[in-house]
Student: 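Below is a structure I'd like to ask you about.
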Amino acid sequence: MVDWREIDAKWQRAWSEAKLFCAEPNGRPKFFITVAYPYVSGPMHIGHARTYTVPDVIARYKRMRGFNVLFPMAYHFTGTPLVGAAKRVKRRDPEFVRILTKVYGVREEDLPKFEDPRYFANYFARESELSYRKGMHLLGYSIDWRREFTTIDEAYSKFVTWQYHKLMDAGLVSKGKHPVKWCPSCGNPVTDHDLLEGEGVDINEFTLLKYRLGDYVLPAATLRPETVFGVTNLWLNPNVDYVVAEVDGEKWVVSKEAVEKLRNQGFKVGRVEKLRESLIGKDVEVPMTYKKVPILPAEFVDPKNASGVVGSVPSHAPYDYVALLELQRRPELLEPYGVDPERVRKIKPVSVIQLQGFGESPAIDVVEREGISDQRDPKLEDATSEVYLAEFSRGTMRDWIPKYAGMKVSIAKERVRGDLIAAGEGATMYEFSKKPVICRCGAECSVRLVEDQWFLNYSDEAWKEKARECLGRMHLVPPETRAQFEHTIEWLREWPCTRRIGMGTPAPWDPNWIIESLSDSTIYMAYYTISHILKEVDPAKLSDEVFDYVLLGEGDVESVSRSSGVELETLKRMREEAGYWYPLDYRMSASELIPNHLTFHIFHHVAIFPPDLWPRGIVSFGMVVLEGRKMSSSKGNIIPINDAIREYGADVVRLYLMSVAEPWQDLDWRTMEVDAMVRHLERFYSHAREVIELPKMERPELTLWDRWMLSRLQGHLREATEALEKFETRKALQHAFFLMLQDLRRYLGLARGESKAWVLKYVLDRWVRMLAPFVPHVCEEIWHQMGMEGFVSTAPWPEVESEYVDKEAEFVEEYLRSVIDDVRGILRATKMKAPRRACFYVAGGWRRDAYRKVLEQVRKGKVDLGALISWGREELDVPPEELAGFFKAAAKEVKRMPEGWVEVLSESDIGELEILTDARDFIRDQIGAERVDVFTMDDPRRYDPRGRAKLALPFRPAIYVE
RNA sequence: GCGGGGGUAGCCAAGUCAGGUCAAAGGCGCCAGACUCAAGAUCUGGUCCCGUAGGGGUUCGGGGGUUCAAAUCCCUCCCCCCGCACCA
């Protein structure tokens with residue numbers, strides 16, 4: 001049993017005392033890596049450990065490769081969840097209090113302190129045993145802790161202020177209205193997360209078309225304003241209560257349900273009274289075309305949807321067509337309203353859109369194809385989507401339509417809408433795409449238009465173009481994420497970047513708003529370069545020109561110093577840091593943040609920094625699950641870092657997290673496997689201890705097995721190095737750890753003699769450095785015990801020494817393995833358990849020369865049996881049948897051999913007989929035989945009762961066991 | 001629906017881009033043997049099926065195709081995961 005925690009603590013202390021990871025600009029090449037700072041609303045758990053161990057491993061690796069590495073860390077306090085959490089404490093939410101006290105170890109009497117979101121945040125950021133700072137220390141991260149900060153530090157707010165001034169100046173921030181899902185009972189916007197029902201429901205933008213009837217305005221809601229030219233009538237539902245409401249000074253006729261929505265959506269709604277008369281049968285004037293059309297009854301009209309008033313375009317709307325047909329077929333339906341059936345009969349659909357693959361009226365085509373005749377037929381929904389989608393994407397406006405003729409529907413829709421609104425004949429109304437939408441509190445939600453919201457204009461084409469350019473130059477890990485980034489850049493629209501509540505930086509132009517949390521953490525990587533120096537500066541002095549100078553090199557340092565009051569030397573130091581570290585080499589974060597944070601990070605950099613300071617790479621992570629189940633703090637389904645470290649120590653946790661999955665893959669924490677990892681690491685450590693005890697010696701003559709071990713080491717070293725360059729931690733560990741262990745065991749089984757000690761010491765010296773980025777504490781301990789100077793953490797990464805690459809030795813080992821496998825195959829087939837005797841017969845004589853010919857031919861790529869045989873007949877004194885048999889068998893053997901081996905065999909002279917003879921003891925142990933003999937196939941003294949010797953081929957000895 | 005990623009032996013997972021060295025690395029689990037008084041640890045071997053001689057058969061989500069040859073290429077279907085905005 002090794003006390004890992006003691007080793008952990010010892011080396012963590014030593015690193016910290018040596019200030020080993022404090023990074024200062026110097027003459028060496030720099031490597032700057034950051035990972036998204038944690039949002040500190042709960043304890044650090046193993047999921048976070050995964051996220052933060054990856055950059056640490058890379059940072060450590062790069063450091064050993066000679067880079068000056070900066071790996072900083074901070075804490076995200078911005079936003080609403082922490083405020084929400086503090087509120088839950090304040091009202092002593094029993095479940096939340098339970099988690100805090102029972103799970104997170106908060107003392108009952110300390111609860112009042114947690115009513116302050118700052119205290120709450122700080123507790124999990126850096127105060128408690130469960131905090132991120134503590135966890136990261138316990139895991140031995142090579143972070144430059146001097147640069148730590150939180151996003152509500154005053155200096156950080158100044159930095160955000162600077163950023164938003166720049167964005168504002170660049171015209172990338174604007175004010176607007178924005179529809180949100182709104183809970184009337186909570187009085188708050190709600191996100192999908194807050195919903196009981198209606199997750200994923202969209203908000204549709206309806207255009208209200210103002211049909212006029214005397215004083216009255218009938219605002220018919222439509223998703224397709226461009227079809228106004230095809231309106232034949234208006235629909236009202238005869239079973240619905242309509243009201244007359246004063247809206248923006250007009251008298252609107254809408255369903256009763258619509259009134260509250262209008263109020264929520266920025267309309268000035270005055271008096272509302274019941275509509276006493278029935279309007280059905282009267283004529284209204286269509287906006288834009290000024291046609292007079294009748295109001296007709298239709299039951300499909302839903303009072304809960306938008307305004308409850310619907311225009312009828314039978315040519316392009318299946319519902320309208322079917323409803324119209326019904327009225328035409330059954331004139332008696334019109335009787336109660338005194339509508340003249342003759343007039344309705346004469347209504348003809350008016351086609352306004354041309355659509356390939358359909359006739360005059362797509363809606364009619366689809367209704368007829370589906371055989372729909374009732375306006376309550378559920379098939380109408382699908383028919384509607386089909387027609388809408390087809391017309392929107394492929395349709396064009398017909399030639400007779402003024403102004404919009406020939407225009408694509410998708411464009412005409414926006415134009416018509418804009419023109420209607422500009423002319424005062426239209427308005428906008430929002431409605432959910434599906435209902436109901438129910439808040440967690442149980443109330444039904446509605447759409448509310450938030451006024452004065454501030455947006456980042458991600459739809460700005462010039463901005464997008466720069467983002468594309470930046471992305472095009474970036475190194476993305478894994479490369480498959482590129483498509484997703486590209487898609488995100490195209491898809492991103494206006495992003496509301498301010499909020500009313502939560503912690504954070506006030507919007508510089510309007511202190512009633514706070515910069516929203518995703519929007520304040522886009523370029524803070526640059527802040528790390530100076531955050532430690534800023535701690536010495538009065539934040540009040542951090543004017544925009546300070547950041548302009550420090551981060552962008554703009555302005556004159558002396559005048560900046562004069563006007564800001566920041567000391568000249570301090571400014572210069574900061575400028576040096578920023579100039580040295582930027583641009584950022586790699587940004588790391590969860591892949592679920594590609595659609596927002598990671599892409600925002602690109603956008604904001606290109607908006608603020610010149611191209612040579614744009615970020616260079618992004619690594620996206622997969623997620624972590626626990627025993628196959630999603631982690632959830634509220635269900636107690638997490639493992640705090642604290643617990644994991646107490647149980648396993650830092651290195652086991654790190655080793656496990658880095659070895660079970662590549663960073664971008666999902667990772668499943670399984671206790672059973674972590675337990676096994678403990679034993680693996682112990683084996684490594686105890687092996688190292690044994691090697692350290694061995695006597696030191698000069699480099700001896702190397703045996704075959706020594707050469708094999710050294711060659712294998714070079715291979716693993718090369719693979720691990722290549723893998724790390726690609727952030728493939730798992731692959732790197734497969735080689736650097738698991739395969740190394742395996743090979744070492746094999747070597748220990750094969751190697752005899754003096755040279756072993758030297759080889760083992762040589763191997764350990766490289767091995768311990770190869771593992772140092774992954775398991776730094778135990779490696780540091782071993783390094784120290786080996787008597788090495790300094791820290792392994794800053795020792796040079798081992799180089800591949802090609803003089804030790806030995807294909808021949810590797811071939812021989814595989815050869816031996818396959819011979820043993822063959823024997824085992826025989827034993828299994830014959831159900832022999834432990835053979836008394838095993839004999840091997842090695843091919844020799846003319847066969848070896850003939851075999852070379854075969855190798856030659858296989859290398860050339862073509863085996864010509866005829867040519868081989870005629871060569872044999874000339875050169876060898878062997879019966880032709882025997883020759884043919886040999887060549888056939890040998891060609892088959894060689895062809896199924898790995899390519900590399902063919903080369904090795906043709907270029908070297910490997911003594912098969914000698915190898916087998918030397919390895920007799922090893923083979924005997926491996927197959928559990930009492931005795932092993934090796935003969936040449938034509939040795940007259942050979943023991944060969946079954947006459948098997950004649951089956952021997954070069955490198956496929958004949959075998960006899962009994 | 002849209003965008004992205006996946007489905008490989010009991011489980012996890014490499015291999016797929018550049019078809020043949022693939023019955024398919026490595027880990028976990030399981031089985032057997034060695035060591036041990038014993039357990040654990042460690043070491044060795046086995047772990048798709050069949051086989052009294054190193055061999056054969058059937059596999060890589062389903063189906064079809066290309067090819068001398070397919071886990072790998074093409075088509076098609078089914079299933080799973082992630083994201084889809086005012087939220088970290």
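All chains are named by letter (A, B, ...) in the order of the sequence lines, taking the proteins before the strands, and each is independently numbered beginning at 1.
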Student: When both hydrogen-bonding distances must be under 3.5 Å and the geometry is Watson-Crick or G-U wobble, what is G29(B) paired with, if anything?
Tutor: U47(B)
Student: I need the minimum non-hydrogen distance between Met623(A) and Arg50(A), along with the two atoms involved.
Tutor: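 Nearest heavy atoms, Met623(A) then Arg50(A): O-NH1, 3.9 Å.
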Student: In terms of the nearest nucleotide of RNA chain B, which residue is placed more toward the 5' end: Ala829(A) or Leu518(A)?
Tutor: Ala829(A)
Student: Where the side chain of Arg670(A) is concerned, which of U44(B), A85(B), C12(B) is the nearest nucleotide?
Tutor: C12(B)
Student: Which value, in whole Å, describes the distance between the P atoms of nucleotides G29(B) and C22(B)?
Tutor: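 It works out to 27 Å between them.
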Student: Report the distance from atom NE2 of His604(A) to atom NE2 of His597(A), rounding to the nearest 0.5 Å.
Tutor: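 Here the rounded value is 9.5 Å.
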Student: Taking the side chain as C-beta and beyond, is there a heavy-atom pair between Trp767(A) and Met770(A) under 4.5 Å?
Tutor: yes
Student: Side chains of Arg718(A) and His735(A), heavy atoms from C-beta outward: is any pair under 4.5 Å?
Tutor: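 Answer no - side chains too far apart.
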Student: Can you list the residues that meet the salt bridge (Lys or Arg N to Asp or Glu O under 4.0 Å) rule with Glu813(A), with sequence neighbours excluded?
Tutor: Arg746(A), Arg817(A)
Student: Starting the side chain at C-beta, find the nucleotide from A85(B), A53(B), G26(B) nearest to Trp491(A).
Tutor: A85(B)
Student: Can you tell me which nucleotide in C2(B), C81(B), G27(B) comes closest to the side chain of His487(A)?
Tutor: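 Closest nucleotide among those given: C2(B).
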Student: If you compare all heavy atoms of Trp463(A) against all heavy atoms of Leu172(A), which two are closest, and at what distance to 0.1 Å?
Tutor: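 Nearest heavy atoms, Trp463(A) then Leu172(A): CE3-CD2, 3.5 Å.
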Student: Checking base pairs now: Watson-Crick or wobble, both atom distances under 3.5 Å. What partners A13(B)?
Tutor: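 Base-paired to nothing in any strand shown.
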Student: What residues in residues 820-827 of chain A put a non-hydrogen atom under 4.0 Å from any atom of RNA chain B?
Tutor: Asp822(A), Arg824(A), Ile826(A)
Student: Under the salt bridge (Lys or Arg N to Asp or Glu O under 4.0 Å) rule, what do Lys177(A) and Asp452(A) come out as? Steps first, then yes or no, please.
Tutor: CA-CA 6 Å; Lys177(A) 299 173 180 180; Asp452(A) 302 339; over 6 Å; no
Student: Using the P atom as the reference point in each nucleotide, state the distance between C73(B) and C2(B) in Å, no decimals.
Tutor: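 24 Å, rounded to whole Å.
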Student: Do the side chains of Phe600(A) and Leu456(A) get nearer than 4.5 Å, heavy atoms only?
Tutor: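 No, every pair of side-chain atoms sits at 4.5 Å or beyond.
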Student: Does the ring center of Tyr960(A) lie less than 6.0 Å from the ring center of Phe840(A)?
Tutor: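 Ring centroids of Tyr960(A) and Phe840(A) are no less than 6.0 Å from each other.
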Student: Could you tell me which nucleotide pairs with U21(B) by Watson-Crick or G-U wobble geometry, both distances under 3.5 Å, or answer none if nothing does?
Tutor: none
Student: When you check the phosphate oxygens OP1 and OP2 of A25(B), does a side-chain N or O of Gln734(A) lie under 4.0 Å from one of them?
Tutor: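 No.
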Student: Would you tabulate the pairs of protein nitrogen or oxygen atoms and nucleotide nitrogen or oxygen atoms of nucleotides 28-30 of chain B closer than 3.5 angstrom?
Tutor:
residue	atom	partner	partner atom	Å
C28(B)	OP1	His680(A)	NE2	3.4

Student: Tell me whether the guanidinium CZ or amine NZ of Arg948(A) lies under 6.0 angstrom from the six-membered ring centre of Tyr841(A) and within 45° of its axis.
Tutor: no
Student: Side chain of Met623(A): nearest nucleotide among A25(B), C81(B), C84(B)?
Tutor: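 Of all the options, the side chain of Met623(A) is nearest to C81(B).
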Student: May I ask you to verify if any side-chain N or O of Arg828(A) is less than 4.0 angstrom from the OP1 or OP2 atom of G54(B)?
Tutor: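 So the side chain of Arg828(A) is outside the cut-off, no N or O lying under 4.0 Å from OP1 or OP2 of G54(B).
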Student: For the C1' atoms, the ones on U67(B) and on G19(B), what distance do you get once it is rounded to whole angstrom?
Tutor: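 Looking at atom C1' only, U67(B) and G19(B) are 9 Å apart.
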Student: By nearest heavy atom, map Lys630(A) and His76(A) onto RNA chain B; which one lands nearer the 5' end?
Tutor: Lys630(A)
Student: Which of these nucleotides, C82(B), G27(B), U44(B), is closest to any side-chain atom of Gln926(A)?
Tutor: U44(B)
Student: Write down the atom of Phe485(A), the atom of Ile602(A), and the distance for their closest heavy-atom approach.
Tutor: CD2-CD1, 4.2 Å
Student: Between protein and nucleic acid, restricted to nucleotides 13-15 of chain B and to nitrogen or oxygen atoms under 3.5 Å apart, what atom pairs and distances do you find?
Tutor:
residue	atom	partner	partner atom	Å
A13(B)	O2'	Arg730(A)	NH2	2.5
A14(B)	OP1	Gln665(A)	OE1	3.3
A14(B)	OP1	Gln665(A)	NE2	2.2

Student: Is the phosphate of G27(B), meaning OP1 or OP2, less than 4.0 Å from a side-chain N or O of Lys731(A)?
Tutor: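 False: Lys731(A) side-chain N/O out of range (4.0 Å or more) of G27(B) OP1/OP2.
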Student: Under a 3.5 Å limit for both distances, which nucleotide forms a Watson-Crick or G-U wobble pair with C2(B), could you say?
Tutor: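 Per the H-bond distance test, G83(B).
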Student: Atom pairs, N/O to N/O, protein against nucleotides 7-9 of chain B, distance under 3.5 Å?
Tutor:
none

Student: State, with a plain yes or no, whether a side-chain heavy atom of Arg493(A) is found less than 4.5 Å away from one of Phe455(A).
Tutor: no
Student: Ring pair (Phe, Tyr, Trp, His ring centres under 6.0 Å) with Tyr37(A): which residues, sequence neighbours excluded?
Tutor: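 Ring pair (Phe, Tyr, Trp, His ring centres under 6.0 Å) list for Tyr37(A), sorted by chain: His76(A), Tyr524(A).
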Student: C43(B) C1' sits how many Å from Leu741(A) CG, rounded?
Tutor: 13 Å
Student: Could you give the distance separating C84(B) and U76(B) at their P atoms, to the nearest angstrom?
Tutor: 29 Å
Student: Can you tell me which nucleotide in G54(B), A53(B), C2(B) comes closest to the side chain of Ile959(A)?
Tutor: G54(B)
Student: Side-chain contact, heavy-atom cut-off 4.5 Å: Val653(A) with Trp669(A)?
Tutor: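 Contact flag for Val653(A)/Trp669(A) side chains = yes.
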Student: Between Arg824(A) and Gln926(A), do the side chains contain a donor N or O and an acceptor N or O under 3.5 Å apart?
Tutor: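 On atom types as modelled, these side chains qualify, holding a pair under 3.5 Å.
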Student: Please determine if a side-chain N or O atom of Arg956(A) lies less than 4.0 Å away from the OP1 or OP2 oxygen of G54(B).
Tutor: no
Student: Suppose you measure atom P in C28(B) against the same atom in U44(B); what distance do you get, rounded to whole Å?
Tutor: 13 Å
Student: Check whether any side-chain heavy atom of Phe77(A) lies under 4.5 Å from a side-chain heavy atom of Arg118(A), and answer yes or no.
Tutor: no
Student: Does A39(B) have a Watson-Crick or wobble partner in any strand here, with both distances under 3.5 angstrom, and which is it?
Tutor: none
